[in-house]
Amino acid sequence: VATWAWIAVGMVGQVLFGCRFLIQWLATERCKKSVIPPIFWHLSLIASILLCLSFVQRREWPYAAGLAATTLIYARNIWLVRKAKEEEA
């Protein structure tokens with residue numbers, strides 16, 4: 001895959017990563033209290049994976065390692081949100 005394609009993957013990841021803050025801010029303002037909606041964790045996971053792939057392809061190992069570590073945290077939060085919904089049902 002061409003270098004520009006991997007840069008595009010990284011850019012999409014970065015845009016998704018930034019969108020999660022906008023969504024969290026809007027949800028917080030709507031509820032008038034700090035809220036982290038489930039989509040925040042999904043965007044975080046997808047963005048981290050895309051950015052990590054881009055960094056690995058470009059051999060930027062410190063950035064890739066940092067993002068790879070965050071994917072576990074995001075996946076765990078997604079699992080906890082789903083578990084809580086199942087318990088409520």
Side-chain angles (χ1 to χ4, degrees):
V1 179
T3 300
W4 62 267
W6 284 111
I7 292 172
V9 167
M11 291 301 295
V12 169
Q14 193 63 42
V15 167
L16 291 175
F17 207 74
C19 284
R20 69 194 189 121
F21 292 111
L22 176 63
I23 288 169
Q24 192 273 332
W25 173 56
L26 293 173
T28 293
E29 289 299 320
R30 186 178 311 130
C31 294
K32 304 294 184 211
K33 65 177 185 175
S34 183
V35 174
I36 300 177
I39 189 74
F40 180 92
W41 301 116
H42 291 273
L43 286 175
S44 298
L45 181 62
I46 293 166
S48 289
I49 290 169
L50 291 176
L51 286 166
C52 189
L53 289 172
S54 176
F55 287 135
V56 165
Q57 192 280 330
R58 292 172 29 218
R59 292 183 171 84
E60 295 179 359
W61 306 115
Y63 299 116
L67 285 167
T70 66
T71 60
L72 298 174
I73 296 165
Y74 301 144
R76 172 76 171 149
N77 279 288
I78 291 168
W79 184 80
L80 290 171
V81 168
R82 287 187 181 173
K83 182 180 173 188
K85 284 184 181 180
E86 289 174 4
E87 289 174 357
E88 288 176 6

Self-check item: Heavy-atom side-chain contact between Thr28 and Lys33 under 4.5 Å
Solution: no
Quiz item: Looking at Ala64 and Val56, what are the two nearest heavy atoms and their distance?
Solution: CB-CG2, 3.6 Å
Quiz item: Do we get Arg76 above Tyr74's six-membered ring, with its NZ or CZ under 6.0 Å from the centre and within 45° of the axis?
Solution: no
Quiz item: Looking at CZ of Phe21 and CG of Leu43, how far apart are the two atoms once the value is rounded to the nearest 0.5 Å?
Solution: 11.0 Å
Quiz item: Which atoms form the tightest heavy-atom contact between Val81 and Pro38, and what is the distance?
Solution: CG1-CG, 3.8 Å
Quiz item: Does the Ser54 side chain pair with the main chain of Trp6, one donor and one acceptor, at a distance under 3.5 Å?
Solution: yes
Quiz item: Nearest 0.5 Å, what's the NZ-CG distance between Lys85 and Leu80?
Solution: 13.0 Å
Quiz item: Out of curiosity, Leu16 CG to Met11 CE, how far, rounded to the nearest 0.5 Å?
Solution: 11.5 Å
Quiz item: Rounded to the nearest 0.5 Å, what separation is found between the OG atom of Ser48 and the CZ atom of Phe17?
Solution: 5.0 Å
Quiz item: Taking everything shown except Arg82 itself, do over 12 heavy atoms lie less than 6.0 Å from its CZ?
Solution: no
Quiz item: If you take all heavy atoms of Ala75 and Leu45, which pair is closest and at what distance?
Solution: N-CD1, 4.4 Å
Quiz prompt | Which residues share a ring-ring contact (aromatic ring centres under 6.0 Å, His included) with Phe55, sequence neighbours left out | solution = Tyr63
Quiz item: If every non-hydrogen atom of Gly13 is compared with every non-hydrogen atom of Ala47, which pair is closest and at what distance?
Solution: O-CB, 3.2 Å
Self-check item: Cluster check Leu50, Ile39: I/L/V/M/F/W/Y, side chain < 4.5 angstrom
Solution: yes
Quiz item: Is any side-chain heavy atom of Asn77 less than 4.5 Å from a side-chain heavy atom of Phe40?
Solution: no
Self-check item: Set of residues satisfying side chain to side chain donor-acceptor pair (under 3.5 Å) with respect to Thr71, sequence neighbours excluded
Solution: none
Self-check item: From Ile49 atom CD1 to Ser44 atom OG, the distance as rounded to the nearest 0.5 Å
Solution: 11.0 Å
Practice problem: Answer whether the closest heavy-atom distance between the side chains of Arg30 and Trp25 falls below 4.5 Å. | Solution: no
Exercise. Flag the pair Thr70 / Leu67 as yes when at least one side-chain heavy-atom distance between them is below 4.5 Å, and no otherwise.
Key: yes
Exercise. Would you give the length of the straight line joining atom NE2 of His42 to atom CD1 of Ile23, rounded to the nearest 0.5 angstrom?
Key: 11.0 Å
Quiz item: Just wondering, do Ile36 and Trp41 contact through their side chains at under 4.5 Å, heavy atoms?
Solution: yes
Quiz item: Can you name the closest pair of heavy atoms from Gln24 and Pro37 and give their distance?
Solution: CA-CD, 4.2 Å
